[in-house]
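For reference, the structure is listed below as structure tokens.
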Amino acid sequence: MGIFLKVWALILGMIMAFFSVKTPVKAYEPETVVINGVTYKNCFLPEYAGLNTTNDDGSKKRYFDINDPFYIDESGLFRSKTKWYNINEKIIICGSDEYPSFGAPGTIYYCRESDWNDLKAYYGNMDNWTCYIGDIYHTEDSKHIEIEEEYFNADLWKRIMQFNYDCDETDLYKSVELPINRNDIKDYTFVHLNLYMKSSDEVFYANVRNVLEYKGDIYIQKVYYEGLYVKAYKFPSELQEYILKLTKQYDSAVHFVEQI
């Protein structure tokens with residue numbers, strides 16, 4: 001019996017170790033696929049960008065009919081299916097749901113290989129995106145303001161978006177726990193600030209939700225544990241400085257304190 005328990009403990013330890021290790025994020029590198037004799041390629045989008053599924057009035061966009069894929073690839077022992085849908089005349093999406101969420105956002109979108117360089121250049125150019133700061137929840141009291149050119153820094157902005165993505169998908173940064181007791185609300189200068197970008201063709205977007213300032217430092221709130229604490233990540237100092245610059249410009253839109 002003693003040997004059995006030792007063996008069982010060893011097996012259990014191996015199982016727990018397996019599930020405790022975070023699955024490594026696959027390198028964001030282009031891959032190709034051939035569909036009906038045409039070669040398609042992905043990763044023409046920034047890694048953090050995804051399909052813009054909401055109109056400015058808050059209504060849902062429909063880019064394709066999930067019941068009408070233009071191509072279905074069957075493979076594997078159990079004949080698993082990969083469905084492909086047209087988003088527009090140049091871009092297709094891989095998945096089985098209306099708004100697929102698996103994988104790095106940019107890896108599920110493909111275009112003809114002949115269009116790849118042009119689209120890579122288009123979506124990599126911040127002149128082809130409109131960026132906003134404020135509240136984008138589309139409520140009656142929403143305030144969501146376009147950032148003016150003189151205050152915009154493309155490099156820092158992209159780093160903010162990448163930081164947000166890395167906090168979700170990699171182990172590059174460690175989270176901290178911030179208090180949520182109502183008595184501590186005085187330590188928050190602002191909470192639930194949003195940074196948002198939308199491509200000029202309105203097909204793609206990226207955003208950073210729930211940015212907050214606590215005791216002079218800027219964080220992204222990721223998880224709210226009711227009655228306990230907020231799980232958050234602190235921005236690098238140069239990004240904090242830039243966010244504060246933006247909030248000062250748009251003080252009327254984003255300097256508000258609400259209960260968290």
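Keep in mind that this is a model prediction, so the values were computed, not measured.
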Do the side chains of [Y] and [X] get nearer than 4.5 Å, heavy atoms only?
| X | Y | result |
| --- | --- | --- |
| Asn210 | Tyr224 | no |
| Lys158 | Tyr48 | yes |
| Asn52 | Phe204 | no |
| Tyr219 | Val230 | no |
| Leu156 | Leu239 | yes |
| Asn164 | Lys222 | yes |
| Leu51 | Tyr109 | yes |
| Val33 | Thr82 | no |

Would you give the length of the straight line joining atom [atom1] of [X] to atom [atom2] of [Y], rounded to the nearest 0.5 angstrom?
| X | Y | atom1 | atom2 | value |
| --- | --- | --- | --- | --- |
| Ile91 | Leu119 | CD1 | CG | 5.5 Å |
| Lys83 | Phe70 | NZ | CZ | 13.5 Å |
| Leu246 | Tyr151 | CG | OH | 10.0 Å |
| Ile35 | Arg112 | CD1 | CZ | 10.0 Å |

query: Has Glu238 got more than 12 heavy atoms of other residues, nucleotides or ligands less than 6.0 Å from its CD?
result: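 Yes - once you tally the heavy atoms of other residues, nucleotides and ligands closer than 6.0 Å, there are more than 12.
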message: Counting only heavy atoms from other residues, nucleotides and ligands, does the tally under 6.0 Å from NZ of Lys90 exceed 12?
response: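 Result for NZ/Lys90: open.
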field: Phe152 and its ring pair (Phe, Tyr, Trp, His ring centres under 6.0 Å) partner, picked from Trp129, Trp157, Tyr132
entry: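 Exactly one candidate clears the test, Trp157.
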field: Derivation and outcome, side-chain contact (heavy atoms from CB on, under 4.5 Å), residues Phe235 and Val211
entry: CA-CA 10 Å; Phe235 282 99; Val211 177; 4.1 Å; yes
Steps toward side-chain contact (heavy atoms from CB on, under 4.5 Å) verdict (Tyr205, Thr54): CA-CA 10 Å; Tyr205 88 111; Thr54 306; over 6 Å; no
Which atom pair, heavy atoms only, marks the closest approach of [X] to [Y]?
| X | Y | result |
| --- | --- | --- |
| Glu29 | Cys43 | O-SG, 3.5 Å |
| Met161 | Met197 | CG-SD, 3.7 Å |
| Ser199 | Tyr123 | CB-CE2, 4.0 Å |

- prompt: Is there a path from Val203 to Ile108 through hydrophobic residues (I, L, V, M, F, W, Y) whose side chains come within less than 4.5 Å of each other?
  reply: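 As far as the 4.5 Å side-chain criterion goes, Ile108 and Val203 are connected within one cluster.
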- prompt: Transitively linked via ILVMFWY side-chain contacts under 4.5 Å: Ile220 with Tyr242?
  reply: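 Both belong to a single hydrophobic cluster.
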query: When the aromatic ring centroids of Phe163 and Tyr233 are compared, is their separation below 6.0 Å?
result: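 Ring centroids of Phe163 and Tyr233 are no less than 6.0 Å from each other.
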- prompt: What pairs of residues pass the side-chain hydrogen bond (donor to acceptor under 3.5 Å, both in side chains) test when at least one of them lies in residues 32-42, not counting sequence neighbours?
  reply: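 Of all non-adjacent pairs touching residues 32-42, those that pass side-chain hydrogen bond (donor to acceptor under 3.5 Å, both in side chains) are Asn42-Tyr110.
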Do [X] side-chain atoms and [Y] backbone N/O form a donor-acceptor pair below 3.5 Å?
| X | Y | result |
| --- | --- | --- |
| Asn125 | Asp127 | yes |
| Asn194 | His192 | yes |
| Gln240 | Ile218 | yes |

task: Take Glu213 and Leu244 through the side-chain contact (heavy atoms from CB on, under 4.5 Å) test and state the conclusion after the steps.
output: CA-CA 9 Å; Glu213 182 181 22; Leu244 283 175; 3.7 Å; yes
- request: Kindly indicate, with the supporting measurements, whether the criterion side-chain contact (heavy atoms from CB on, under 4.5 Å) is fulfilled by Ile243 and Leu193.
  value: CA-CA 10 Å; Ile243 292 172; Leu193 168 68; 4.2 Å; yes
